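For reference, the structure is listed below as structure tokens.
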Amino acid sequence: MGGKRNYFGTDGIRGTVGEGPITADFVMRLGWAVGKVFGARAKKGRKLVLIGKDTRVSGYMFESALQAGLIASGVDVGLLGPMPTPAIAYLTRTFHAQAGIVISASHNPFQDNGIKFFGPDGYKLPDEVEEEIEHYLDQPMVTEQSSELGRAERIADAAGRYIEFCKAVLPRDFELTGMRIVVDCANGATYHIAPNVLKELGAAEVIEMGVTPNGVNINLNCGSTKPAEIQRAVVDQGADLGVAFDGDGDRLIFVDHRGELVDGDEILYIIANHRQQSGFGCNGVAGTLMSNFGLEKAFQQMDVPFHRAKVGDRYVIETMKKQGWTLGGENSGHIVCSDVTTTGDGIVSAMLVLHALSDSGLTLHELKQGMSKYPQTMINVRINEKVNLDDYPAIADAVSAAEAELSTTGRVLLRPSGTEPLIRVMVEGEDKTLVDRLAEQVAAVVETTLCPEEV
């Protein structure tokens, strides 16, 4: 095996429901292929795979399809129902299951869905395991003898187990006494988890938003990707802060009492700074190519090593493992604390920020001031076909000239889009006027070089 994968992307398999490969028949065969791979890996004893999902209406269909395929392969199934992605990673470990399957398209609209996987260690699958699954997808599906078929059961206490795990991230005597918190669950997988965690920690009032999923309203004008409503609610309700999750609960953003957003870069800074101040220590942080330059400068001042990975949580985790660090994340709010759990976890990240607030005695607005976000300008240049930017000296010269003008006060990044025929030209720096001008200059060179007939 090895080589190019036909179905798996950077985070499982995702697409529009009813269009290949996100169809019931393909997903049943996928369940069978996963069962064949992980069933063969199982040691003596039960062969078990857990299935959880977010709140999309298509989740019912794909849950049944996966269940049928897994049972046909001779593997038992534990049904978790609607659960955050990081909860499925956690429960896969605690149940000693061979794998965990998540039915979710994260922050995408309800018309999309996807399937992603965790191995028995709670980490996403390495490439070689995904390739092995794809190998079985190309084989005829053969059902095991009736005596060897798997069985299914619904795990009734899954939500309670995960709530206790999230609370256990904090000291035993921790309380949110007196705090008024707005929580937006994006009508997604955290709707029955996050509010209960905050209530059980003693918050004076938890004002709930996005907790009435109906199968089609997930991420609809709510959650971490559409925060306007929670920003208004925090101010109107006079709340201390707000916290918004995405549809599958693996990322978050905060809103301070003034209604200002606190994004993933600022959350990373707050957690890292708290670890330094509390004596716990922070030996390094992994960000991405899109992490704000102000975050890098803040870590320089803290004498905390910082390294940029490619965009995507799997690359952040790879960098963390390579460097031996326990903290990393993306500006989207995907935060990974590997000494607590194995994947990005919105609720766990919220707990760590609330702990920092409690210990500091500051408001969230005050706490984020230690990091100054640099102005950033992004220009998307549409191109005709995929290109290798290294093949164009004129573009390299334009980038070098811009970097020379910025000196140590900013940076330039050119990044091809992974989903559209675009080159993203991004410039950051202290001076917004300079940043805007340099971004326009570099974008113009990219456009005239790659699409000369359209200029």
Side-chain angles (χ1 to χ4, degrees), residues 1-15 21 26-27 29-43 47-52 66 69-70 73 75 77-78 84-106 114-139 248 250-251 284 286-289 307-330 334-345 418:
M1 277 170 273
K4 185 179 183 296
R5 290 170 294 172
N6 296 317
Y7 303 108
F8 281 88
T10 56
D11 193 14
I13 302 170
R14 187 181 299 185
F26 175 85
V27 171
R29 290 194 297 111
L30 177 63
W32 175 81
V34 169
K36 295 299 289 183
V37 170
F38 284 98
R41 279 169 150 66
K43 298 176 182 177
K47 301 174 182 178
L48 175 66
V49 172
L50 304 184
I51 303 176
L66 283 168
L70 286 161
S73 74
V75 171
V77 177
T85 289
I88 296 161
Y90 164 71
L91 293 167
T92 299
R93 299 197 317 272
T94 60
F95 273 86
H96 298 280
Q98 273 68 54
I101 305 179
V102 184
I103 306 168
S104 175
S106 189
I115 315 290
K116 49 190 175 183
F117 304 89
F118 293 103
D121 57 358
Y123 284 99
K124 291 179 179 177
L125 304 184
D127 290 350
E128 58 268 22
V129 177
E130 292 181 347
E131 290 168 8
E132 191 175 352
I133 293 169
E134 291 213 354
H135 167 75
Y136 276 101
L137 280 168
D138 292 332
Q139 310 302 313
D248 73 329
D250 63 358
R251 66 177 75 178
T288 75
L289 296 173
H307 185 84
R308 295 180 184 274
K310 290 192 292 185
V311 175
D313 64 296
R314 70 184 297 164
Y315 302 114
V316 171
I317 292 172
E318 282 177 10
T319 299
M320 291 167 60
K321 287 180 175 179
K322 183 177 179 180
Q323 299 291 338
W325 298 341
T326 59
L327 182 61
E330 303 182 83
H334 203 129
I335 310 297
V336 182
C337 303
S338 63
D339 54 338
V340 179
T341 190
T342 56
T343 191
D345 191 316

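The first residue of the sequence shown is numbered 1, and numbering continues consecutively from there. Keep in mind that what you see is a predicted model, and the values were worked out from it rather than measured.
- Judged as a side-chain contact (heavy atoms from CB on, under 4.5 Å), and not counting sequence neighbours, the contacts of Asp121 are Tyr123.
- Qualifying side-chain contact (heavy atoms from CB on, under 4.5 Å) partners for Ala89, counting only residues two or more places apart in sequence or in other chains: Phe118, Thr342, Thr343.
- Rounding to the nearest 0.5 Å places CG of Asp250 at 5.0 Å from OG1 of Thr85.
- In this structure, the separation between NE2 on His135 and CD on Glu132 is 7.5 Å, given to the nearest 0.5 Å.
- Met320 is listed as a side-chain neighbour of Val336, based on a closest heavy-atom distance under 4.5 Å.
- Partners of Thr92 under the side-chain hydrogen bond (donor to acceptor under 3.5 Å, both in side chains) rule, at least two apart in sequence or in another chain, do not exist in this structure.
- Listed by chain and residue number, Arg275 satisfy the side-chain hydrogen bond (donor to acceptor under 3.5 Å, both in side chains) test with Asp339 (two or more places apart in sequence, or in another chain).
- Every residue two or more places apart in sequence or in another chain that forms a side-chain hydrogen bond (donor to acceptor under 3.5 Å, both in side chains) with Ser106 is listed here: Asp246, Asp248.
- For the atom pair CD (Glu128) and CD (Glu130), the distance works out to 9.0 Å, reported to the nearest 0.5 Å.
- Look at Arg251 and Asp313 and you find no salt bridge, because none of the NZ, NE, NH1 or NH2 atoms lies under 4.0 Å from a carboxylate O.
- Listed by chain and number, the residues in a salt bridge (charged side-chain N to carboxylate O under 4.0 Å, His left out) with Arg314 are Asp127 (sequence neighbours excluded).
- Annotation: the span from Thr319 atom OG1 to Arg308 atom CZ amounts to 12.0 Å, rounded to 0.5 Å.
- Scanning for salt bridge (charged side-chain N to carboxylate O under 4.0 Å, His left out) contacts around Arg14 gives an empty result, with sequence neighbours left out.
- In this structure, Lys47 has no side-chain hydrogen bond (donor to acceptor under 3.5 Å, both in side chains) partners at least two apart in sequence or on a different chain.
- Rounding to the nearest 0.5 Å places OG1 of Thr341 at 13.5 Å from CD1 of Ile335.
- Among residues two or more places apart in sequence or in another chain, the salt bridge (charged side-chain N to carboxylate O under 4.0 Å, His left out) test is passed with Asp345 by none.
- Not counting sequence neighbours, the partners of Val34 by the side-chain contact (heavy atoms from CB on, under 4.5 Å) test are Leu30, Phe38, Leu70, Ile101, Phe117, Ile133.
- The closest side-chain heavy-atom distance from Thr288 to Tyr315 is not below 4.5 Å.
- Arg29 is linked by a side-chain contact (heavy atoms from CB on, under 4.5 Å) to Phe26, Leu137, Met141, counting only residues two or more places apart in sequence or in another chain.
- A side-chain donor-acceptor contact under 3.5 Å links Glu330 to the backbone of Gly312.
- Here the side chain of Gln98 pairs no donor or acceptor atom with the backbone of Arg41 at under 3.5 angstrom.
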